[in-house]
Amino acid sequence: MNEIISYFSTIPSSHRSLILVGGITIFWLIENSFPLFRMQYKKWPHAGINFFFTFTTIVVNFILAFILIRTANWTIENHFGLLQWISPMPIWLYTILGLLLLDLIGAYLAHYVEHKFKYLWQFHLVHHTDTWIDTTTANRHHPGESVIRFVFTTLGVLIIGAPMWMVFLYQSLSVVASQFNHANISLPEKLDTFLSYFIVSPNMHKVHHHYVVPYTDSNYGNIFSIWDRLFGTFTSLPKEQLIYGVDTHMKPEENNELKNLLKIPFQKSRSFKNS
């Protein structure tokens with residue numbers, strides 16, 4: 001455990017980039033060999049759009065990183081936050097609890113709020129417009145949403161009192177988990193169901209990308225599935241019934257053209273909550 005803490009305390013940016021690129025590469029190869037759906041689409045042009053949003057996400061987080069670092073350091077220096085206030089515990093328990101809470105505030109809560117507030121939904125909508133869900137969809141976030149997510153992550157670090165090594169560890173796990181549960185891969189149904197009791201499995205998250213409510217407004221989790229089950233937002237749907245996208249933006253010129261995707265948050269809302 002000490003080796004993990006030491007590594008993530010000083011993890012180079014190049015290693016974080018390698019985790020991102022390596023994850024996409026691995027799941028890309030797997031989904032080509034064992035696809036959940038044999039989708040009729042041009043994979044590289046589709047990936048190009050999602051890679052653009054991946055790049056903007058990296059830029060936003062790089063520019064704002066100093067805020068996150070200062071926040072984490074401040075909580076440790078001032079003994080502030082939940083992890084700093086509770087009694088001493090084994091480092092493994094401290095780490096698991098911290099990761100769970102970071103996932104709750106920085107991912108589940110952020111995602112839930114984006115679905116419930118009209119203005120925030122307009123930014124998150126870009127992610128849901130993808131009608132071909134694969135591993136590249138994981139980072140399909142409008143730059144505005146990247147800022148929103150960053151705010152929630154920073155809020156989580158402040159409330160929890162998470163050290164920076166834990167934040168880097170969480171972000172690395174989050175990237176891989178998101179690439180995994182978005183990947184167009186076919187797992188044995190029993191294995192997928194078993195995994196869904198602990199982490200967000202591919203089939204579980206695909207339900208969230210079904211094009212209509214109430215399915216769109218469910219399964220908000222990122223890494224851990226406990227929050228959806230605990231707060232009653234877990235649901236299931238046979239994979240044969242899945243239709244990807246969002247019902248307000250099903251035309252190709254609305255969901256598969258970069259120029260329009262960038263404009264979506266500033267366009268007139270067609271219907272809140274995709275209904």
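Just so it is clear, the values below take in all heavy atoms, side chains as well, and ignore hydrogens, waters and symmetry mates. Remember, it's a predicted structure, so these values are computed and weren't measured experimentally.
- Proximity of the aromatic rings of Trp132 and Trp44 is defined here by a centroid distance below 6.0 angstrom, and this criterion is not met.
- Applying the side chain to side chain donor-acceptor pair (under 3.5 Å) test to His141 and every residue at least two apart in sequence or in another chain returns Glu145.
- Side-chain rings of Tyr108 and Phe231 approach one another, their centers coming within less than 6.0 Å.
- Within the 3.5 Å criterion, the main-chain N or O of Ile91 finds a donor-acceptor partner in the side chain of Thr95.
- A 4.5 Å side-chain heavy-atom check between Pro163 and Tyr94 finds at least one atom pair inside the cut-off.
- Rounded to the nearest 0.5 angstrom, His111 NE2 and Asn222 CG are separated by 9.0 Å.
- Between Thr137 and His127, the shortest heavy-atom contact is O-CE1, 3.1 Å.
- Leu99 is listed as a side-chain neighbour of Phe224, based on a closest heavy-atom distance under 4.5 Å.
- The distance from the CG atom of Leu158 to the CZ atom of Phe80 is 5.0 Å, given to the nearest 0.5 Å.
- Within 6.0 Å of CZ on Phe266 lie more than 12 heavy atoms contributed by other residues, nucleotides or ligands.
- The side chain to side chain donor-acceptor pair (under 3.5 Å) search around Thr129 returns Arg140, not counting sequence neighbours.
- Contact annotation: the side chain of Leu97 approaches that of Met89 to within less than 4.5 Å [non-hydrogen atoms, C-beta and beyond].
- The shortest non-hydrogen separation linking Ile185 to Phe27 is CG2-O, 4.4 Å.
- Heavy atoms only, all atoms of each residue included: Ser218 and Thr235 are closest at OG-CG2, 2.9 Å.
- Shown here are the salt bridge (Lys or Arg N to Asp or Glu O under 4.0 Å) partners of Lys251, two or more places apart in sequence or in another chain: there are none.
- With a 4.5 Å cut-off on side-chain heavy atoms, Leu262 and Phe53 count as touching.
- For the pair Gln267 and Asn260, the minimum side-chain heavy-atom distance is below 4.5 Å.
- Under a 3.5 Å cut-off, the side chain of Asp228 and the backbone N or O of Gly221 do form a donor-acceptor pair.
- Here the side chains of Asn219 and His205 are not in contact, with every heavy-atom distance at 4.5 Å or above.
- There is a side-chain donor-acceptor pair under 3.5 Å between Thr136 and Asp134.
- The environment of Phe152 atom CZ is dense: over 12 non-hydrogen atoms of other residues, nucleotides or ligands sit within 6.0 angstrom.
- Between Lys239 and Glu189, no side-chain nitrogen of the basic residue sits less than 4.0 Å from a carboxylate oxygen of the acidic one, so the salt-bridge criterion is not met.
- Here the CG atom belonging to Leu29 is positioned 11.0 Å from the CZ atom belonging to Phe34, to the nearest 0.5 angstrom.
- For Ala72 against Ala162, the heavy-atom pair with the smallest separation is CB-O, 3.5 Å.
- The hydrophobic cluster containing Met204 does not contain Tyr211, counting ILVMFWY residues as joined when their side-chain heavy atoms lie under 4.5 angstrom apart, directly or transitively.
- With hydrogens and angles disregarded, no donor-acceptor distance shorter than 3.5 Å links the side chain of Lys116 to the backbone of Trp121.
- For His209 (side chain) and Ile133 (main-chain N/O), no donor-acceptor pair under 3.5 Å exists by modelled atom type.
- Atoms CE and CD1, from Met164 and Ile11 in turn, are 10.5 Å apart once rounded to the nearest 0.5 Å.
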task = Start with the C-alpha distance between His115 and His128, add both sets of side-chain angles, then the distance that settles side chain to side chain contact (heavy atoms under 4.5 Å, CB included), and finish with yes or no.
result = CA-CA 11 Å; His115 277 253; His128 277 271; 3.3 Å; yes
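- Between the side chain of Lys206 and the backbone N or O of Ser201 there is no donor-acceptor pair closer than 3.5 Å.
- Residues Thr233 and Trp227 share a closest heavy-atom pair of OG1-O, 4.3 Å.
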ask   = Can His46 and Asp130 be said to form a side chain to side chain contact (heavy atoms under 4.5 Å, CB included), step by step?
value = CA-CA 9 Å; His46 169 259; Asp130 200 339; 2.9 Å; yes
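- One N or O on the side chain of Thr25 and one on the backbone of Val21 form a donor-acceptor pair closer than 3.5 Å.
- At distances below 3.5 Å, not a single donor-acceptor pair connects side-chain atoms of Glu114 with backbone N or O atoms of His124.
- Looking only at side-chain heavy atoms (C-beta outward), Tyr197 and Arg229 come within less than 4.5 Å of each other.
- In this structure, the side chain of His79 engages the main chain of Gln84 through a donor-acceptor pair within 3.5 Å.
- Looking only at side-chain heavy atoms (C-beta outward), Leu187 and Leu195 come within less than 4.5 Å of each other.
- Here Ile264 contributes atom CD1 and Leu261 contributes atom CG; the two are 5.0 Å apart, rounded to the nearest 0.5 Å.
- Taken from CG in Asn255 to OH in Tyr244, the straight-line distance is 14.5 Å, to the nearest 0.5 Å.
- His210 contributes a side-chain N or O that, together with a main-chain N or O of Ile243, makes up a donor-acceptor pair within less than 3.5 Å.
- Defined by atom type and a distance below 3.5 Å, a donor-acceptor pair is missing between the side-chain atoms of Asn256 and Tyr41.
- In terms of heavy-atom proximity, Leu125 sits nearest to Thr248 at CD1-OG1, 4.4 Å.
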